[in-house]
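Since the structure comes first, as structure tokens, the remarks are kept for the end.
Labels below follow one simple rule: chain letters A, B, ... track the order of the sequence lines, proteins then strands, and each chain is numbered from 1. All values below were derived from every heavy atom in this structure, side-chain atoms included, with hydrogens, water molecules and symmetry-related copies excluded.
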Number of protein chains: 2
Amino acid sequence: MEHSKDSKLPYHHGALRQALLEAGDSVLRDRGLSGFTLRECARRAGVSHAAPKHHFGDVRGFLTEIAALGFDQLTRQLQTQIAIAHDLDEEFINTTRAYADFAGENPEHFRIMFRYDLLSATSERLAQAAGETFTVLTNVVLRQRGDPELLASVYDEKVAESVIDDIVLSWSHIHGFAHLKLEQQMSMVPAATHDDVMVRASRRLSRFIRSDAGHQDEG
Amino acid sequence: MEHSKDSKLPYHHGALRQALLEAGDSVLRDRGLSGFTLRECARRAGVSHAAPKHHFGDVRGFLTEIAALGFDQLTRQLQTQIAIAHDLDEEFINTTRAYADFAGENPEHFRIMFRYDLLSATSERLAQAAGETFTVLTNVVLRQRGDPELLASVYDEKVAESVIDDIVLSWSHIHGFAHLKLEQQMSMVPAATHDDVMVRASRRLSRFIRSDAGHQDEG
DNA sequence: AAAGCATCTTGTCAATGTCAAGTTAGCGAG
DNA sequence: CTCGCTAACTTGACATTGACAAGATGCTTT
């Protein structure tokens with residue numbers, strides 16, 4: 001019932017997959033991950049409760065696609081903020097801020113993206129999307145070090161151990177700050193604004209990595 | 001039915017609260033957070049499906065208590081590993097490892113502990129438990145700096161801005177590594193073992209914090 | 001012993017994910 | 001053109017869940 005809203009849609013909807021994903025975003029926005037249901041998504045897309053099955057299989061398949069789209073968007077936002085930086089300090093700070101801002105603006109997406117147990121471990125689509133985010137972050141670290149950038153992945157190209165160390169150090173910092181802030185743990189830290197603290201911490205880490213690049217295996 | 005298993009239990013159970021929490025742990029262990037239900041907990045505790053209500057109110061109340069117990073245990077495990085360290089390098093490394101090991105051994109607890117949207121924001125019990133974990137971590141940082149340790153919280157005692165910076169830098173690193181590893185993101189990092197990388201990253205961060213203590217406001 | 005109250009049970013309700021079976025329509029082959 | 005064919009959707013059903021209301025039970029206190 002109530003098919004009157006936009007009758008030029010082919011009655012095999014035509015763009016149901018896209019419509020369901022948009023409905024999913026809207027459900028996540030105002031009901032959160034714990035209030036997320038396939039049936040509500042179907043309802044908002046104007047289709048029957050079983051319609052999502054054909055496009056995503058089950059709820060895991062749906063969440064996997066949502067997570068992949070989240071990584072796509074995170075990648076884009078990181079690239080944008082990296083591009084407008086004027087120096088290496090600023091680039092690292094912007095990266096941390098963009099990552100944390102993404103988490104703050106898309107809390108439910110962020111939560112889904114980092115819930116391995118909810119996602120399809122075999123999804124090539126998701127692995128690809130997450131891999132691209134990771135490559136962007138890796139290249140931030142490589143530029144800090146003055147090393148050549150990656151074209152694809154750290155698996156395709158051989159990287160030194162000290163590069164791995166710097167990546168883990170940087171990513172842990174960036175991700176940890178974003179996650180702790182999102183989940184309200186930073187409220188235990190007395191500070192005027194968390195952004196100020198993040199800027200100082202990121203700048204120090206950035207400079208440390210540059211000063212200590214190739215800390216053990218470069219001579 | 002099936003009350004025969006231990007009939008010395010008073011028939012108002014007597015220790016239902018404790019039994020439910022243990023049942024909760026067992027449900028989390030083999031069904032995960034997404035398969036966690038109050039009714040299954042009640043079933044395993046041998047009581048009716050509505051029994052949990054009197055002790056925890058709703059599912060949020062139950063999860064809040066589980067999260068608080070998680071912080072209690074994390075605090076203890078951190079303290080244990082900190083106590084057996086022989087120097088400041090090792091203390092910082094042990095802290096990072098204990099935090100990550102807790103996440104690896106209690107993945108569902110860890111997930112619940114850092115899901116602000118699932119927990120009761122007004123729970124004094126939870127705030128206390130999380131605060132104690134935070135105090136332990138803060139004292140790790142203060143010892144790195146050679147500063148006097150906190151007795152209670154950073155809110156009770158006045159701390160310098162550079163202390164805040166070091167806490168956020170350290171905690172972000174420690175938490176980020178644990179979370180990324182738990183959620184399988186470290187699989188994108190090529191390395192023989194993640195522990196090796198973590199040890200190197202933690203040692204470097206530890207030494208950097210010591211060398212840079214009071215980096216701006218101490219003269 | 002009687003009252004009072006925390007504790008636990010039973011029954012119910014709307015909602016959900018998944019599956020099975022049916023319906024519709026776009027599309028290619030003859 | 002039209003006759004299937006198949007992907008895209010609907011309908012209906014089922015077991016399960018969280019929450020609530022009302023009732024039963026038994027400890028405790030006076």
Fill in the blank from the handout: Among dA21(D), dG18(D), dT18(C), the one nearest any side-chain atom of Ala50(B) is dA21(D)
Problem - Whole-Å distance separating the CD atom of Glu40(B) from the P atom of dT17(D) - result: 7 Å
Exercise for the section: Go through dA19(D), dT10(C), dT16(C) for me and flag the one nearest to the Val59(B) side chain. Expected result: dA19(D)
Handout entry: Distance, rounded to the nearest Å, where Leu16(B) contributes CG and dT9(C) contributes C1'
Key = 12 Å
Practice task
Please assess Glu161(B) against Arg200(A) for the test salt bridge (Lys or Arg N to Asp or Glu O under 4.0 Å), listing each intermediate value before the final yes or no.
Solution key: CA-CA 10 Å; Glu161(B) 190 177 65; Arg200(A) 290 195 298 270; 3.4 Å; yes
Exercise for the section: Assess whether one donor atom and one acceptor atom, taken from the side chain of Arg17(B) and the base of dT7(C), lie less than 3.5 Å apart. Expected result: no
Handout entry: Residues Arg29(A), Glu108(A): salt bridge by 4.0 Å N-O rule
Key = no
Exercise for the section: Output the single nucleotide from dT9(C), dT10(D), dT7(C) whose closest atom is nearest the side chain of His55(B). Expected result: dT7(C)
Problem - Nearest-Å distance for atom pair CZ/P, residues Phe56(B) and dC8(C) - result: 11 Å
Exercise for the section: Rounded to the nearest angstrom, tell me the gap between atom CG in Leu20(A) and atom P in dC9(D). Expected result: 8 Å
Practice task
Measure the acute angle between the ring planes of Phe92(B) and His173(B), then classify it against the limits of 30° and 60° as parallel, tilted or perpendicular.
Solution key: parallel
Practice task
Output yes when at least one side-chain N/O atom of Arg31(B) is less than 4.0 Å from OP1 or OP2 of dT17(D), else no.
Solution key: no
Practice task
Output yes when Arg97(A) and Asp195(A) qualify as a salt bridge under the 4.0 Å nitrogen-oxygen rule, no when they do not.
Solution key: yes
Exercise for the section: Please check the phosphate of dC19(C) (OP1 and OP2 only) for any side-chain N or O of Lys53(A) closer than 4.0 Å. Expected result: yes
Handout entry: Distance in angstrom units between Leu38(A) CG and dC9(D) P, rounded
Key = 15 Å
Handout entry: dT16(C) phosphate, OP1 or OP2, under 4.0 Å from Thr37(A) side-chain N/O
Key = yes
Exercise for the section: Could you check whether Arg60(B) gets within reach of a base, just the sugar-phosphate, or nothing at all, counting any heavy atom under 4.0 Å? Expected result: nothing
Practice task
Let me know, please, whether Asp58(B) or His49(A) comes out on the 5' side of the other along DNA chain D by nearest nucleotide.
Solution key: His49(A)
Exercise for the section: Please report, rounded to the nearest Å, how far the C1' atom of dA19(D) is from the NE2 atom of His54(B). Expected result: 16 Å
Exercise for the section: Describe, in one word, how the ring planes of His175(B) and Phe110(B) are oriented to each other, choosing from parallel (under 30°), tilted (30 to 60°) and perpendicular (over 60°). Expected result: parallel
Practice task
Starting from C1' on dT10(D), measure out to CZ on Arg39(A) and report it in whole angstrom.
Solution key: 12 Å
Fill in the blank from the handout: Phe36(A) CZ to dT17(D) C1', in whole Å, measures 18 Å
